[in-house]
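In what follows, a single structure is set out as structure tokens and then discussed.
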Amino acid sequence: MKASGFRARVRAEIVTELKAVAWRHLAADGANLSLRAVARDMGMASSAVYRYFPSREDLLTALIIDAYDALGESAEKAAESAEPGLARWLAVGHAVRDRALAVPHEWALIYGSPVPGYRAPEDTIGPGTRVILLIGRILQEALRVGRLELGEPLTGEFATELATVAARFGDDMPPRLLADSATMFFMLCGAVNAELFGQLANSVDRDRRGFFSFQLGQAATLAGLTT
């Protein structure tokens, strides 16, 4: 192996280990992430960590992108295994919930309280929109095969604004469909947050998966997703 290839491999391994240690700190301490603490656990000087992540914000961005991509991958795999329409939406919704419950500290980082002083860069936009774009594709396909009853067209400034965004997805993306996709996404996130952050305690304790399925069904009905 060439020296440059060896150095690249070693660097990649150290970056992976640094992120693993950072995730452990986030799981234990929340968003109160310290590069010094990560360096200490790695047996490294703080200055050495800066060779890989120049700031805490850079490390947070790497973790956020990883969390978004892992969630998106889980959702996309679930979509591939289900029939178009309602079944695909339900599969995606449950995959998102399962991922959130399995790694709650990842979910909290991307959909919990904002990290004080952190401003997400544009690098996070692509990974961060994987799930909502997937929902849009599910609705588009359902509309194409007759499994979606699209609501009334949008009007006013909101419609004009969404039409500009919808055009990025192609000529066949009605602004109303984009709005419904966003609504379903936010209902999905809200349902997961309610469970993950204790909002269902002492109210829905025995069958939270069933209650979550009900929420997904309500979102589908609102969007006109019939079968």
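Counting begins at 1 with the first residue of the sequence.
Neither side chain, D58 nor T61, offers a donor N or O lying under 3.5 Å from an acceptor on the other.
At distances below 3.5 Å, not a single donor-acceptor pair connects side-chain atoms of W89 with backbone N or O atoms of I138. Checking side-chain atoms of D205 against main-chain N and O of N202 turns up a donor-acceptor pair under 3.5 Å. A distance-only check finds no donor-acceptor pair linking the side chain of R99 to the backbone of S74 [under 3.5 Å].
Taking E76 as the reference, R130 meet the salt bridge (charged side-chain N to carboxylate O under 4.0 Å, His left out) condition, with sequence neighbours excluded. For E83, the salt bridge (charged side-chain N to carboxylate O under 4.0 Å, His left out) test picks out no residue, with sequence neighbours left out.
Put simply, M187 and L196 are part of two different groups of oily side chains (I, L, V, M, F, W, Y) that touch within less than 4.5 Å, one to the next. Under the 4.5 Å side-chain heavy-atom criterion for grouping Ile, Leu, Val, Met, Phe, Trp and Tyr, L60 is connected to V15 within one hydrophobic cluster. Transitive grouping of hydrophobic side chains (ILVMFWY, heavy atoms separated by less than 4.5 Å) brings I14 and L59 into a common cluster.
Considering only heavy atoms from C-beta on, V115 comes within 4.5 Å of L109 through its side chain. Using a 4.5 Å heavy-atom cutoff, the side chains of Y111 and V192 are not in contact. Under the 4.5 Å side-chain criterion, counting only non-hydrogen atoms from C-beta, R97 is in contact with R208.
Within 6.0 Å of the CD atom in E13, the count of heavy atoms belonging to other residues, nucleotides or ligands exceeds 12. More than 12 heavy atoms of other residues, nucleotides or ligands sit less than 6.0 Å from atom OH of Y118.
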Can E73 and K77 be said to form a salt bridge (charged side-chain N to carboxylate O under 4.0 Å, His left out), step by step?
CA-CA 6 Å; E73 182 178 347; K77 285 183 177 179; 3.3 Å; yes
